[in-house]
Amino acid sequence: MSVRTRFAPSPTGFLHIGGLRTALFCWLYARRHGGRFVLRIEDTDLERSTEAAIQQILDGMEWAGLVADEGPFYQTRRFDRYREVIDELLAEGKAYRCYCTKEELDALRAEQLARGEKPRYDGRWRDRTDARPGVQPVVRFKNPTGGEVVVEDVVHGRVVFQNAELDDLIIARSDGSPTYNFCVVVDDMDMNVTHVIRGDDHLNNTPRQQNMLVALGRKPPVYAHLPMILGADGAKLSKRHGAVSVLQYRDEGYLPEALLNYLVRLGWSHGDQEIFSIEEMVRAFDITDVNKSASAFNAEKLAWLNQQHMMRAEPRRLVEPLRWQLQQLGIACDDDAHLEAIALAQRERAKTLKEMAANSLFFFQPPADYDEKAVRKHITVESIAMLAEAAARLDRLDGWDAALIHAVVNEVATAAGAALGKLAQPLRLAVCGGTVSPPIDATLALLGREESLRRIERALARWRA
RNA sequence: GCUCCCUUCGUCUAGAGGCCUAGGACACGGCCCUCUCAAGGCUGUAACACCGGUUCGAAUCCGGUAGGGAGCGCCA
């Protein structure tokens, strides 16, 4: 049977990097094996699921490029099917109605806890066929009482659970609605999921699900429980520690392939390779190479990878995100070629596109003022003379490109017996207002002759005064 | 409390009993390159949680201890 994986988020919050990595591994595994990747929205918790969260998850996955081959399927649209399976289980005596009240269950739990036992349902309605008037029953699955359940997990190996540790879990609430663990089983079965790849917080749910699958006459799928991603401080990802929407990474100026590259290397590696294109990931990824231990999120490494990906990207790809970042800073630019040229000139000096935009403002507006410290350091009688000379020669230049500009700057400095920097820095100060920019020839070339000269003249007027 | 899972540099990882004087990457420091900032190159600091055992030999196998995590809901 061909490989089918699924990503099954519940829309009770945003899609964060933990979820994204799970989705990535599912997607990679399916791609690698020519299988199909299914998206399922687990929205049975009517209270907490929201339309906005669903949309947000969909947007996040689209941005990341993790396109589902099938779905999204919604569990809320499958209630009839769940009902059908519950009735089947009931008819076969594999499930039963339990008329315990919440109060009774609470009392039971309290007693067990008091005795130092693991709280679990004691099966008191398991063999009863009567009803209790006035109580809407729940339906419980008849879990085997003895023996063991063996989960053959691809990442954790063989994990053994005693059935005695498991209780009869509720599969339908008293209002008739199905519960999570049951829906998962029915869905994975109906959708012919061959590989369940999910966070290892679900490892403890697996024996119950496996038992239900067996009761339904199905062979369990292959399980792969991925280690968690922790916050930078090594603690669980929380709202205060890095648990942000993946869309926030987009807005902060990260490339999706960089985020994915970062995530794929959490719990997985391929020799000494650090940088992967999406294609390389698909080719190299294997779920059996995944680690067992949790990993901490490291923002510096993500930033480094983002820069590496920006430097390797097709320059055209940087145009749209750069335009968007500039817009956030109040700059509108519809000249694609210009944006591409700026990105090319700036990408080795920015970790993110947001930073690139911030560093590139001077390409769109003259400096409001000049870095005072730098002026004191670089602006002298000699440099002013060189600036004037350079301006005059640049004005007469036959053509306008980095090579021609470089020649002029070089000659003027040499003629004055100065190092290139003695002229480059004043020039940079004049056109950028600061001391940081791409090489001065490239900067002037990008700025254009007219604007460059205008800025130099303006600066000279100021500094001569 | 009970069950299950995890443990190599600060962080991500390589490592399948001798190839380990433990390799790579991020970060950090130094040097080089250099018109600035970067990028790049070279280089340095830094780890097998602990205790026992098996073995000629253990980061690797076994047992225990400690620490961390998850689950034990009419949440997912």
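Residue numbers start from 1 in every chain, and the chains themselves are labelled A, B, ... in the order their sequence lines are given, proteins ahead of strands.
A 3.5 Å limit on both hydrogen-bonding distances identifies no Watson-Crick or G-U partner for B:rU55. Of all nucleotides present, none satisfies the Watson-Crick or G-U wobble test against B:rU60 with each distance under 3.5 Å. Checking B:rG67 for Watson-Crick or G-U wobble geometry (two distances, each under 3.5 Å) identifies B:rC6 as its partner. Pairing for B:rC37 is absent, judged as Watson-Crick or G-U wobble with the two contacts each under 3.5 Å. Pair assignment for B:rC28 gives B:rG44, based on Watson-Crick or G-U wobble hydrogen-bonding distances that are each under 3.5 Å. Nucleotide B:rG1 is matched to B:rC72 when pairs are restricted to Watson-Crick or G-U wobble geometry with both distances under 3.5 angstrom. Searching all strands for a Watson-Crick or G-U wobble partner of B:rU21 with both distances below 3.5 Å returns nothing. Pair assignment for B:rA16 gives none, since no Watson-Crick or G-U wobble pairing has each distance under 3.5 Å.
Within the nucleic acid shown, A:K102 comes within 4.0 Å of at least one base atom, counting heavy atoms only. Nucleic acid contact for A:L266: sugar-phosphate only, since backbone atoms but no base atoms lie under 4.0 Å from a heavy atom of the residue. Nucleic acid contact class of A:E274 (heavy atoms, under 4.0 Å, all strands): base.
Note on ring orientation: taking the six-membered ring where Trp is involved, the planes of A:F14 and A:H16 are perpendicular (angle over 60°, cut-offs 30° and 60°). Between A:Y254 and A:Y249, the ring planes lie perpendicular to each other; the angle is over 60°, past the 30° to 60° tilted range. Note on ring orientation: taking the six-membered ring where Trp is involved, the planes of A:F25 and A:F285 are tilted (angle from 30° to 60°).
Closest approach to the A:L420 side chain among B:rC26, B:rC35, B:rC5 is made by B:rC35 (side chain taken as heavy atoms from C-beta onward). When distances run from any side-chain atom of A:R265 to the nucleotides B:rG1, B:rG24, B:rC4, the shortest one goes to B:rG24. Closest to the A:K301 side chain, of the nucleotides B:rA14, B:rG24, B:rC35, is B:rG24. Taking the side chain of A:R428 as heavy atoms from C-beta on, and the options B:rC26, B:rC37, B:rC35, the nearest nucleotide is B:rC35. Closest approach to the A:T435 side chain among B:rU13, B:rC2, B:rU36 is made by B:rU36 (side chain taken as heavy atoms from C-beta onward). Among the nucleotides B:rU36, B:rC26, B:rC6, the one closest to any side-chain atom of A:E300 is B:rC26. Among B:rU36, B:rA39, B:rC5, the nucleotide with an atom closest to any side-chain atom of A:M311 is B:rA39. When distances run from any side-chain atom of A:V138 to the nucleotides B:rG1, B:rC74, B:rA39, the shortest one goes to B:rC74. Nearest nucleotide to the side chain of A:P439, out of B:rA76, B:rC35, B:rC37: B:rC35.
Nearest heavy-atom pair, A:Y223 versus A:V151, reported as atom, atom and distance to 0.1 Å: CD1-CG1, 4.2 Å.
In the interface, the side chain of A:S174 is paired with the base of B:rC74 through a donor and an acceptor atom under 3.5 Å apart. Side-chain to base pairing of A:Q273 with B:rG24: no donor and acceptor N or O lie closer than 3.5 Å to each other.
Annotation: of the two residues near RNA chain B, A:A350 and A:N298, the 5′-most nearest-nucleotide partner is A:N298. Take the nearest nucleotide of RNA chain B for A:D272 and for A:A294: the residue whose nucleotide is more 5' is A:A294.
Salt-bridge formation is detected for the pair A:R128/A:D130: a Lys NZ or Arg NE/NH1/NH2 atom is positioned less than 4.0 Å from an Asp or Glu carboxylate oxygen. A:D167 has no carboxylate O lying under 4.0 Å from a charged side-chain N of A:R140, or vice versa, which leaves the two without a salt bridge. A salt bridge is absent between A:D153 and A:R158; no separation between the charged side-chain nitrogens and carboxylate oxygens falls under 4.0 Å. Classification of A:K422 and A:E382 as a salt-bridged pair fails, no side-chain N sitting under 4.0 Å from a carboxylate O.
Look at the P atom in both B:rG57 and B:rG52: the space between them is 15 Å, to the nearest Å. Using atom P as the reference point in both B:rU8 and B:rG69, the two lie 15 Å apart (nearest Å). Across B:rC26 and B:rG63, the matching C1' atoms stand 37 Å from one another, rounded to whole Å. To the nearest whole angstrom, the two P atoms, one in B:rC61 and one in B:rG44, are 31 Å apart. Between B:rC62 and B:rG71, the two P atoms lie 27 Å apart (nearest whole Å). Between B:rG17 and B:rU60, the distance separating the two C1' atoms is 6 Å to the nearest Å. Rounded to whole Å, the P atom of B:rG24 lies 34 Å from the corresponding atom of B:rG53. Here the separation of B:rA47 from B:rG23, taken at their P atoms, is 11 Å to the nearest Å.
Each salt bridge (Lys or Arg N to Asp or Glu O under 4.0 Å) pair with one or both residues in residues 72-82 of chain A, not counting sequence neighbours, appears once here: A:R78-A:D187, A:R78-A:D190, A:R81-A:E84, A:R81-A:D190.
A:L113 has its CG atom 9 Å from the C1' atom of B:rC2, to the nearest Å.
Counting only heavy atoms from C-beta outward, the side chains of A:I86 and A:L90 approach each other to under 4.5 Å. Counting heavy atoms from C-beta on, the side chains of A:F141 and A:Y96 never come closer than 4.5 Å.
Judged as a side chain to side chain contact (heavy atoms under 4.5 Å, CB included), and not counting sequence neighbours, A:K377 has no contacts. In this structure A:K292 satisfies the salt bridge (charged side-chain N to carboxylate O under 4.0 Å, His left out) test with no other residue, sequence neighbours excluded.
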All N/O pairs under 3.5 Å across the protein-nucleotides 43-45 of chain B interface:
none

For nucleotides 69-72 of chain B, tabulate all protein N/O to nucleotide N/O atom pairs closer than 3.5 Å, reporting atom names and distance.
from	atom 1	to	atom 2	distance (Å)
B:rA70	O2'	A:D201	O	3.2
B:rA70	N3	A:N204	ND2	3.2
B:rG71	O4'	A:N204	ND2	3.4
B:rC72	O2'	A:P119	O	2.6

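Side-chain atoms of A:H225 and A:D200 form no donor-acceptor pair, as typed in the model, at a separation below 3.5 Å.
Of the residues in residues 374-392 of chain A, none has a non-hydrogen atom less than 4.0 angstrom from any atom of RNA chain B.
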